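See structure below.
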Amino acid sequence: MTRRPMVGGNWKMHLDAAAATALATDVAGGIGADSLVDVAVFPPTPYLHLVAEIARGAALQVGGQDASGETQGAYTGQTAASMLFDVGCSWALVGHSERRHGLGEDDALASRKVRAALDAGLRVLLCVGETLEEREAGRTFPTVCGQFEHSLHGIQTADLERIDIAYEPVWAIGTGRTAGPSEAQEVHAALRETVALLYDARSAERIRILYGGSVKPANAQALMACEDVDGALVGGASLESEPFLDIVRAAFPPEHS
Ligand code: PGA
């Protein structure tokens, strides 16, 4: 099975309406209609609607940076997955480290968000990753594989069809430090093995595992050339169209097309 590469742009809490409009327009135009790579952007919530309007009719996909684990009700400040779907999103990021470590979200909450997103008709990009302390203590594999297992508590094999993974070592996010291709590859292989153990070989073969953490045009191709690295989740380098489009092109270099 050949996995179709995916590149996501996580805009985090950056840009304003004018800049989001310009960036989305440039990215949508830059990837063209016949992209060999799935390209998604994850704008700040207030700009989702306008970015989704720009993406409509283009090959660009749009997702929320988070989705509530609740369906509706008195949850001030939260955004229901159905609302994301309603404004044109097809994705939700779940479990980003800036929510796990910055806001104290745990695997149990991530699993409720995954369920809510799937029930609303969204695809999920589930983020996992170890801290520097966990890596130095030799706990990288149990940490990321454990996050995967517990964040998908109750998720059946059929549901897994709409889930992909982003491996994002916390020490590499926004730091300019990146995992080398062999460091990334061994974690991606362990994650794929975990999918096979917890689900089945077919799911393990299908699921995309993106790498994230200081991906730039200069390192993207080497990372994505690894057997088990199926794309990239990009933060800083997704805030301008040219570097982001360079990373998209690196996901499918011309000699492989
Ligand atoms: P970065 O962010 O590319 O700026 O390191 C990646 C992410 O947090 O998804």
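For the single chain, residues carry numbers from 1 onward in sequence order. When a ligand or atom number is given, it counts from 1 through the structure's own listing order. Not measured: the values here are computed from a predicted model.
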Can [X] be said to touch ligand 1, with heavy atoms closer than 4.0 Å?
X: Lys216; answer: no
X: Ser214; answer: yes
X: Ala172; answer: yes
X: Gly174; answer: yes

Considering only heavy atoms, does Ser97 approach ligand 1 within less than 4.0 Å through its side chain, its backbone, both, or neither?
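Neither; nothing of Ser97 gets under 4.0 Å from ligand 1.
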Heavy atoms only, cut-off 4.0 Å: how does Ile173 contact ligand 1, side chain, backbone, both, or neither?
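Within the 4.0 Å criterion, Ile173 contacts ligand 1 through backbone and side-chain atoms alike.
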Scan side-chain atoms only and decide if Glu130 and Trp171 contain a donor-acceptor pair under the 3.5 Å cut-off.
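Trp171 and Glu130 do have a side-chain donor-acceptor pair below 3.5 Å.
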Please identify which atoms of ligand 1 are closer than 4.0 Å to at least one heavy atom of [X].
X: Gly213; value: 5 (O)
X: Asn10; value: 9 (O)
X: Leu233; value: 9 (O)

For [Y], is there an ion pair with [X] - N to carboxylate O distance below 4.0 angstrom?
X: Arg135; Y: Glu183; result: yes
X: Arg3; Y: Glu227; result: no
X: Lys216; Y: Asp246; result: no
X: Asp230; Y: Arg208; result: no

Which residues pass the side-chain hydrogen bond (donor to acceptor under 3.5 Å, both in side chains) test with Glu53, not counting sequence neighbours?
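Checked Glu53 against side-chain hydrogen bond (donor to acceptor under 3.5 Å, both in side chains); matches are Arg56.
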[atom]: which protein heavy atom is closest, and how many Å away?
atom: atom 7 (C) of ligand 1; value: Glu168 OE2, 3.1 Å
atom: atom 3 (O) of ligand 1; value: Gly235 N, 2.8 Å
atom: atom 4 (O) of ligand 1; value: Gly236 N, 2.8 Å

Given side chains that start at C-beta, do those of Asp66 and His96 come closer than 4.5 Å, heavy atoms only?
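When only atoms from C-beta onward are counted, His96 and Asp66 do not touch, as no gap falls below 4.5 Å.
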Val37 side chain reached by Ile31 side chain, heavy atoms, under 4.5 Å
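Of all side-chain heavy-atom pairs linking Val37 with Ile31, none is under 4.5 Å.
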Test of understanding: with salt bridge (charged side-chain N to carboxylate O under 4.0 Å, His left out), list the residues that count as partners of Arg112, not counting sequence neighbours.
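Arg112 satisfies salt bridge (charged side-chain N to carboxylate O under 4.0 Å, His left out) with no residue once adjacent residues are dropped.
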Any N or O of Thr175 closer than 3.5 Å to N or O of ligand 1:
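Thr175 vs ligand 1: no N/O contact under 3.5 Å.
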